[in-house]
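So you know, we letter chains A, B, ... as the sequences are listed, proteins then strands, and number each from 1. Small disclaimer: the values here were computed from a predicted structure and weren't measured.
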Amino acid sequence: MAHPARPAPGLRAQRQGGRRITSSPMSGVPYRFERTAEAAELQARYGSLAAGEETADEVAVAGRVMLVRPQGRLAFATLRDSSGQVQLFARDEVTEDFDAFAKLSLGDWVGATGKMVKTRRGELSVLVDEWVLLAEALRSFGDKWKGVTDVETRFRQREIDLWANERSRYVLLLRSRLVAHLRRHLEERGYVEVETPILHAIPGGAMAKPFVTHHNALDADLFLRIAPELYLKRLVVGGFEKVFEIGRVFRNEGLSPRHNPEFSMLELYQAYADYADFLTLVEELVSQLAVELTGSSLLHYGGRPIDLSPPWRRVTMAELVSEETGHTVDVHSPPEELGRLLAATGADVHEDWGPGKLLLELYEKLVEPQLWGPVFVMDFPAEVSPLARRHRQDPELAERFEGIVAGRELVNAFSELVDPEDQRRRFEAQAAARAAGDEEAMVIDEDYLRALEYGLPPTAGLGLGIDRFAMLLTDSANIREVIAFPTLRPESSTAGGPDEAAPGGGAPGGGVPDRGGR
RNA sequence: GCGCCUCUAGCUCAAUGGCAGAGCAACGGACUCUUAAUCCGCAGGUUGGGGGUUCGAAUCCCCCGGGGCGCACCA
């Protein structure tokens with residue numbers, strides 16, 4: 001932390017007089033506190049007491065002091081714990097060390113024991129007999145009315161954001177519950193959770209630029225994974241018929257309100273299933289989770305309603321593009337025509353793009369920004385889906401869909417490509433693109449090809465962006481809201497800033513659902 | 001990477017070329033039912049950093065740094 005010899009800026013003056021804490025801020029603080037009740041529980045249990053009514057029930061509560069109202073030989077303090085708030089009521093003739101209690105500051109942590117009472121003014125309170133300081137807030141936090149609103153401070157010092165802002169606590173708690181509920185649903189449906197490597201010798205499973213790191217003993221560069229996809233399918237080859245992983249992936253790309261360099265995704269694979277099976281799975285999971293976590297499948301995102309209840313609209317990419325351009329086109333249309341239509345939008349057209357890529361570009365340029373959903377966009381071109389199985393009715397298409405919810409791609413799923421020879425050809429096409437300068441094109445993964453040669457049964461796979469799902473459920477416009485410690489540029493120690501040089505920016509990450517592969 | 005906006009006390013904000021201020025918290029004090037308690041007092045600043053213009057710069061100009069949004073990148 002900070003250098004002990006140099007007082008950090010913002011530290012409030014050392015407390016004196018009646019304080020238990022003098023020279024060393026944390027001396028005298030106990031190692032544990034035996035709490036017997038939480039605030040919400042007390043509010044529920046004693047909320048019906050009449051004003052002025054006193055009980056003989058002793059409780060022990062602990063939490064952080066949010067407000068203090070000293071009143072001569074009385075003092076009131078608002079105590080908050082993770083469940084809610086309850087008032088502490090101190091009286092000179094009842095409360096030990098009353099003078100020190102009356103000098104508590106906002107942010108101090110205390111444990112207190114006493115009887116449950118309701119004050120004359122009707123506020124449920126713990127009439128404190130004994131209390132103990134559990135931590136002293138040497139730094140004062142934000143305005144007690146306005147809290148902390150500065151976006152940079154909120155994300156760099158999440159602890160004071162969470163301390164000051166109810167909504168931030170709500171959002172991160174909902175995210176936690178989202179992941180827990182998702183796990184429970186999947187386990188109930190017979191899926192097995194696994195963990196696959198984050199350090200990859202070859203980044204695969206998606207089209208994205210990776211982060212590079214280095215293993216000293218092996219003297220080898222390794223990559224932080226851009227997707228767990230290939231390892232998960234190798235587990236299916238090994239006999240795990242229904243597997244999933246919820247974990248962090250890392251993509252070396254720009255930041256935006258919708259992109260954090262590290263983000264969380266669910267990937268799920270099921271043997272003997274195809275992509276159509278996942279249409280209903282996605283509809284059910286997403287709408288059920290919305291109901292469980294928000295109370296309704298009808299949400300509002302950015303003020304605009306979205307109804308997640310099944311069934312969702314299903315429409316092919318070719319249909320959408322045809323509708324939008326007024327020309328009936330599909331993946332078999334002459335590339336010149338597709339290129340003309342794309343050029344008409346003002347987009348760059350690369351000569352080496354095939355009809356599949358051109359169709360995808362048209363979709364992304366013209367259609368996707370208008371979609372609100374929920375809608376399943378079906379049947380992506382095989383050319384842009386190197387890990388997806390060709391459509392059973394059209395080899396130029398892949399059995400792949402994306403689920404668009406609130407204008408964002410939330411899920412990406414396909415029938416998995418199981419043919420090792422076709423997979424090798426697709427990898428080779430990717431390698432060619434890579435050689436031509438496409439840094440995001442895939443690399444040939446011989447380990448994966450060998451696994452396919454041992455036999456991957458018909459399998460469906462699915463990727464879902466956890467962070468974007470959390471944004472949807474919490475009506476958050478910025479992905480950073482749903483990430484406890486979003487990636488920020490490290491502060492320079494010489495530059496001015498809100499505080500001393502913080503050791504670094506962020507850690508955890510966010511939620512782009514998918515790219516390319518999944 | 002580019003463009004626009006932004007950075008003033010711990011926090012929330014004023015001061016638009018003329019003495020850097022307020023509220024909150026913090027610190028000291030008064031007060032036996034408060035609810036953002038109230039009242040009295042006391043402190044608190046390299047105006048993100050550096051340079052320039054000017055008699056005079058928080059304010060105008062340049063460079064650098066952080067952040068936000070948009071674009072690009074990315075799906």
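- On the C1' atoms, B:C55 is 31 Å away from B:G44, given to the nearest whole Å.
- B:U8 and B:G3 are spaced 24 Å apart, taking the P atom of each and rounding to whole Å.
- Between the CG atom of A:L79 and the P atom of B:U35 there is a distance of 19 Å, rounded to whole Å.
- The same atom, C1', is picked in B:G45 and in B:C5; the two are 25 Å apart, to the nearest Å.
- Using a 4.5 Å heavy-atom threshold, the side chains of A:E402 and A:M378 count as separate.
- In this structure, A:L488 atom CG and B:G66 atom P are separated by 11 Å, rounded to whole Å.
- With C1' as the reference atom, B:U53 and B:A43 are 36 Å apart, rounded to whole Å.
- No side-chain heavy atom of A:W353 sits under 4.5 Å from any side-chain heavy atom of A:L359.
- A side-chain N or O of A:T113 and one of A:D129 form a donor-acceptor pair less than 3.5 Å apart.
- At the heavy-atom level, A:N478 lies under 4.0 Å from the strands shown only through sugar-phosphate atoms.
- For the side-chain hydrogen bond (donor to acceptor under 3.5 Å, both in side chains) test with A:D161, the passing option among A:R154, A:R169, A:R167 is A:R154; the others fail.
- Across the protein-nucleic acid pair, A:R489 atom CZ and B:C64 atom P stand 13 Å apart, rounded to whole Å.
- When the nucleotides B:G66, B:A25, B:C74 are ranked by their closest atom to the side chain of A:E152, B:G66 comes out on top.
- Across all strands shown, B:C2 forms a Watson-Crick or G-U wobble pair with B:G70, both key distances being under 3.5 Å.
- Distance check on atom C1': B:G21 versus B:A58 gives 12 Å, rounded to whole Å.
- Among the protein residues, A:L360 comes within range of the nucleic acid bases, having at least one heavy atom under 4.0 Å from a base atom.
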Every protein N/O lying under 3.5 Å from an N/O of nucleotides 12-15 of chain B:
unit_1	atom_1	unit_2	atom_2	d
B:U12	OP1	A:T149	N	3.0
B:U12	OP1	A:T149	OG1	3.4
B:U12	OP1	A:D150	N	2.9
B:U12	O2'	A:K146	NZ	3.0

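- Separating the CZ atom of A:R80 from the C1' atom of B:U35 is a distance of 16 Å, rounded to the nearest angstrom.
- Across all strands shown, B:U32 forms no Watson-Crick or G-U wobble pair with both key distances under 3.5 Å.
- Salt-bridge formation is detected for the pair A:K115/A:E58: a Lys NZ or Arg NE/NH1/NH2 atom is positioned less than 4.0 Å from an Asp or Glu carboxylate oxygen.
- Distances shown here put every side-chain N or O of A:N252 at or beyond 4.0 Å from the OP1 or OP2 atom of B:C73.
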Please produce a list of atom pairs where a protein N or O lies less than 3.5 Å from an N or O of nucleotides 37-41 of chain B.
unit_1	atom_1	unit_2	atom_2	d
B:A37	OP1	A:K144	NZ	2.8
B:A37	OP2	A:R69	NH1	3.0
B:A37	N7	A:P70	O	3.1
B:A37	N6	A:P70	O	2.9
B:A37	N1	A:Q71	OE1	3.1

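- Checked against B:C27, B:U32, B:G67, the side chain of A:S105 finds its nearest nucleotide in B:C27.
- Shown here, B:U12 forms a base pair with B:A22; the pair counts as Watson-Crick or G-U wobble because both key distances fall under 3.5 Å.
- Distance A:F155 CZ to B:G67 C1': 11 Å, rounded to the nearest Å.
- If you measure from atom CD of A:E136 to atom P of B:C27, you get 8 Å, rounded to the nearest angstrom.
- The gap from the C1' atom of B:U12 to that of B:C7 amounts to 14 Å, rounded to the nearest Å.
- There is no side-chain donor-acceptor pair under 3.5 Å between A:Y170 and A:N165.
- Taking atom CG of residue A:L138 and atom P of nucleotide B:A25, one finds them 18 Å apart after rounding to whole Å.
- When the nearest nucleotides of RNA chain B are assigned to A:M317 and A:G122 by heavy-atom distance, the more 5′-ward of the two goes with A:G122.
- Using a 4.0 Å heavy-atom cutoff across all strands shown, A:E440 reaches sugar-phosphate atoms only and no base atom.
- A:R69 has its side chain within reach of A:Q87: a pair of non-hydrogen atoms, C-beta onward, lies under 4.5 Å apart.
- Heavy-atom distances to RNA chain B give each of A:R73 and A:G142 a nearest nucleotide, and the one nearer the 5′ end belongs to A:G142.
- Ion pairing of A:K209 with A:E440 is present here, as a side-chain N (NZ or NE/NH1/NH2) and a carboxylate O approach within less than 4.0 Å.
- Using a 30° and 60° split on the angle between ring planes, A:F76 and A:F89 fall in the parallel class, below 30°.
- Closest to the A:F76 side chain, of the nucleotides B:C33, B:A25, B:G65, is B:C33.
- Salt bridge A:E416/A:K233: present, at least one basic N to carboxylate O contact under 4.0 Å.
- Straight-line distance between the C1' atoms of B:A26 and B:G41: roughly 14 Å, to the nearest whole Å.
- Phosphate contact (OP1/OP2 of B:G10, side-chain N/O of A:R139, threshold under 4.0 Å): absent.
- Distance noted for atom P between B:C61 and B:G23: 32 Å (whole Å).
- With 3.5 Å as the limit, one finds no donor-acceptor pair spanning the side chains of A:Y231 and A:E229.
- B:A72 atom P lies 15 Å from atom NZ of A:K209, rounded to whole Å.
- Of the candidates B:C71, B:U35, B:G65, the closest approach to any side-chain atom of A:T119 belongs to B:U35.
- In this model, the phosphate group of B:C74 is not approached by any side-chain N or O of A:R251 to a distance below 4.0 Å at OP1 or OP2.
- Under the 4.0 Å criterion applied to side-chain N and carboxylate O atoms, A:R156 and A:E152 are assigned as salt-bridge partners.
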